[in-house]
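Notes follow once the structure below has been shown.
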Amino acid sequence: MSYKAPKGTKDILPCESYIWEYIEKKARTLFEKANYKEIRTPVFESTELFARGVGDSTDIVNKEMYTFVQKDRSLTLRPENTAGVVRAFIEHGMHRLPGPLKLWYKGPMFRYERPQAGRQRQFHQLGLEIFGIESPSADAEAIQIAMKFLNELGLAGLVLEINNIGCPECRNEYKEKIKEAIRPKLREFCEDCHLRFEKNPLRILDCKNEKCRELLSTPEIDSVINREFICEPCVAHFEELKEYLKLLEIDYVINKKLVRGLDYYNRTVFEITSTNLGSQNAVCGGGRYDPLVETLGGPQTPAVGWAMGMERLFSLCKAPGQKPLDVFIVSDDTKEALKLASEIREHGISVDFDFSARKFAKQMEKASKTGARFALILREEELKTGELTLKNLATGNQEKVSPGEIPEKVNI
RNA sequence: GCGGGCGUCGCCAAGCGGUUAAGGCCCCGGAUUGUGGUUCCGGUAUUCGGGGGUUCGAAUCCCCUCGCUCGCCCCA
């Protein structure tokens, strides 16, 4: 009998954990510089929260949630974190804090989907949210920080796509116009698009089916897509965002067909994709969700945010190598070695040793294979004189040192 | 939910119907009872994801099943 990690999940092994640490540290540093505070919410919430928050016309809610019932209570492993953060925002009355409130989070999310490159059932997201600002200056800051972060990680081949999907009112009008334009040719669209036509016609614009894309680019439909149907205030909001992005020298592409799979978005939506990823090429996705706080029972509060898929990030960036071990103690006296190791560690030096007091040559070999910078020899001769032998494994030089000299010698 | 590819030691991998299942890496031991990263020698799969079947004989052929993987869909 052998066990495997469940489908779509992955162990993060010791050899890769430093990449996580590296990315998380970079994120924290950057976010804190911009006054974002970390928030940690539970990995499960009431199912109702996601049905309301994420939207029950979405695939996420309809077929991708890990839901379980306990004592008549339906709970769900979070498929994304905005709903949870908004819930916490409301529950703790954070709207009364001096605004705007800027939060960031990281952690595992769960979606029941067929795994493939860049898609897992348990995956990790890093995200941020800004509450209380209606002005696109908040959208711009959110985008700027996302781009800055990705650039700091040395990612190349990134494309920022933006769009404005209007507010609930003008979007409904837009939906109708799109439906009207598509209706004459509806029969030629794919099966999925027929469903979308009724449930969420805007998502037809996002269909990857070649035939559908062809149909969408016919003049009759394309002209409708490209005409501005969003209302004056929404247009103004979008124009202002573009000005901010120009001010910040952030390149973008306007993609009128960009809609997002979550129902809570309004106005600004954006996506950062990489040409170096497979078919799951979105590294970051987000947008504005002004109605959500109210939808979930809080006071009317505009908000904007984004999330990044950490596993997708890893496949794109190179992290610096792990720090080598400073000292490996070579000794045939396990007691002395253990004691010495704990003493030296007090000085902030990383130390390991062979627990089995093996042959001298074997221990030296181990020291070398471990990648330690120094071998510290403590055997009969050293115990007698009280002086230790410190060998630099890169140069081969060795010298006698007193225990007190070790921190200085090692930290050169 | 629907397609395609793949499953031989911890990892990489030969073998493609004939019987002790190559090889490399890693690991362990020795050459070398106080000096490693090089070298040399030795050790580690009763077994080929699992279950049936065909056959005198199967890792090799057939069926079923499980797992992994890539793509569709959707998204981070």
Side-chain angles (χ1 to χ4, degrees), chain A residues 1-10 13 15 54 57-64 78-82 106-127 146 150 190-193 195-196 200 203 206-210 212 258-262 269-274 277-287 305-316 328 330-332 354 356 358-383 389-398:
Chain A
M1 192 58 169
S2 70
Y3 297 100
K4 291 187 168 185
K7 197 186 196 69
T9 66
K10 278 208 169 84
L13 300 171
C15 63
V54 178
S57 80
T58 63
D59 280 2
I60 292 180
V61 169
N62 282 313
K63 44 188 195 192
E64 297 174 5
R78 61 184 184 195
E80 57 94 56
N81 207 27
T82 297
K106 64 172 161 62
M109 307 294 157
F110 307 84
R111 300 208 293 235
Y112 183 81
E113 301 177 88
R114 278 296 279 275
Q116 71 184 72
R119 193 173 77 186
Q120 291 169 214
R121 288 181 174 178
Q122 178 180 160
F123 60 102
H124 296 75
Q125 283 189 335
L126 182 70
L150 295 171
C190 71
E191 233 176 271
D192 290 321
C193 282
L195 286 173
R196 295 189 183 109
N200 194 347
R203 278 210 253 150
D206 212 21
C207 187
K208 307 286 192 300
N209 186 304
E210 230 175 87
C212 298
L258 178 65
V259 291
R260 316 228 65 247
L262 289 75
V269 293
F270 65 92
E271 214 166 82
I272 301 169
T273 57
S274 167
L277 281 173
S279 76
Q280 306 299 317
N281 64 352
V283 182
C284 175
W306 52 251
M308 287 186 189
M310 297 187 67
E311 284 84 354
R312 290 184 192 174
L313 237 42
F314 296 155
S315 57
L316 292 171
F328 192 94
V330 172
S331 172
D332 50 10
D354 188 293
S356 52
R358 289 194 295 175
K359 277 169 61 174
F360 189 78
K362 284 293 168 196
Q363 290 197 45
M364 284 302 294
E365 191 183 332
K366 184 79 181 286
S368 176
K369 283 186 177 165
T370 305
R373 293 161 55 222
F374 293 91
L376 185 60
I377 299 162
L378 169 67
R379 304 193 72 196
E380 212 174 325
E381 186 188 317
E382 284 80 8
L383 281 173
T389 305
L390 185 68
K391 175 165 186 167
N392 183 320
L393 289 169
T395 63
N397 297 333
Q398 64 181 53

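Every chain is numbered from 1, with letters handed out A, B, ... down the list of sequences.
Atoms CZ and CG, on A:F270 and A:L258 in that order, are 10.0 Å from each other to the nearest 0.5 Å. In this structure, the separation between CG on A:D332 and CG on A:L383 is 8.0 Å, given to the nearest 0.5 Å.
Nucleotides B:G52 and B:G10 have their P atoms positioned 23 Å apart, rounded to a whole Å. Spacing of P atoms, B:A14 relative to B:C61, comes out at 15 Å, to the nearest Å. When the P atom is used for both B:G5 and B:G24, the distance is 33 Å, rounded to whole Å. Nucleotides B:G67 and B:G49, compared at atom P, are 16 Å apart to the nearest Å. For the C1' atoms, the distance linking B:U60 with B:C27 amounts to 30 Å, nearest Å. Separating the P atom of B:C28 from that of B:U20 is a span of 33 Å, rounded to the nearest Å. B:G23 sits 25 Å from B:C68 when the C1' atoms are compared, rounded to a whole Å. For the C1' atoms, the distance from B:U69 to B:A31 is 45 Å, rounded to whole Å.
The side chain of A:R358 approaches B:C28 more closely than any other nucleotide in the set B:C28, B:A76, B:C73.
In this structure, a donor-acceptor pair under 3.5 Å is present between the side chains of A:T389 and A:E382.
A:R119 and A:E113 are joined by a salt bridge, as a carboxylate oxygen and a charged side-chain nitrogen come within less than 4.0 angstrom of each other. With respect to A:E271 and A:R260, a salt bridge is recorded, a charged nitrogen being found less than 4.0 Å from a carboxylate O.
One donor-acceptor pair, N or O on each side, does fall under 3.5 Å between the base of B:C73 and the side chain of A:R119. No hydrogens or angles were tested; on distance alone, nothing pairs the side chain of A:K63 with the base of B:G1 as donor and acceptor under 3.5 Å.
For the pairing with A:M109, the side chain to side chain contact (heavy atoms under 4.5 Å, CB included) check across A:R78, A:M310, A:Q120 returns one residue only, A:R78.
The shortest distance between side-chain heavy atoms of A:L150 and A:M308 falls below 4.5 Å.
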Could I get a table of every N or O pair under 3.5 Å where one atom is in the protein and the other is in nucleotides 30-34 of chain B?
unit_1: B:A31; atom_1: OP2; unit_2: A:K359; atom_2: NZ; d: 3.2
unit_1: B:G34; atom_1: O6; unit_2: A:E381; atom_2: N; d: 2.8
unit_1: B:G34; atom_1: O6; unit_2: A:E381; atom_2: OE1; d: 3.4
unit_1: B:G34; atom_1: O6; unit_2: A:E382; atom_2: OE1; d: 3.2
unit_1: B:G34; atom_1: N1; unit_2: A:E381; atom_2: OE1; d: 3.4
unit_1: B:G34; atom_1: N1; unit_2: A:E382; atom_2: OE1; d: 3.1
unit_1: B:G34; atom_1: N1; unit_2: A:E382; atom_2: OE2; d: 3.1
unit_1: B:G34; atom_1: N2; unit_2: A:E382; atom_2: OE2; d: 3.1

For nucleotides 66-70 of chain B, give me every protein contact, N/O to N/O, under 3.5 Å, one pair per line with atom names.
unit_1: B:G67; atom_1: O2'; unit_2: A:K4; atom_2: NZ; d: 2.9
unit_1: B:C68; atom_1: OP2; unit_2: A:K7; atom_2: NZ; d: 3.0
unit_1: B:C70; atom_1: OP2; unit_2: A:A117; atom_2: N; d: 3.2

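Within the 4.0 angstrom heavy-atom criterion, only backbone atoms of the sugar-phosphate kind lie near A:A307; the bases stay farther away. Here A:K369 lies in heavy-atom contact (under 4.0 Å) with sugar-phosphate atoms only. Contacts of A:G396 with the nucleic acid, taken as non-hydrogen atoms under 4.0 Å apart, include base atoms.
Nucleotide B:A76 holds its P atom 6 Å from the CD atom of A:Q125, rounded to whole Å. The CD atom of A:E365 sits 10 Å away from the C1' atom of B:C28 (whole-angstrom rounding).
Heavy-atom nearest nucleotides on RNA chain B were determined for A:M310 and for A:S368, and the one closer to the 5' end corresponds to A:S368. If A:N392 and A:I272 are placed on RNA chain B by their nearest nucleotide, the residue sitting closer to the 5' end is A:N392.
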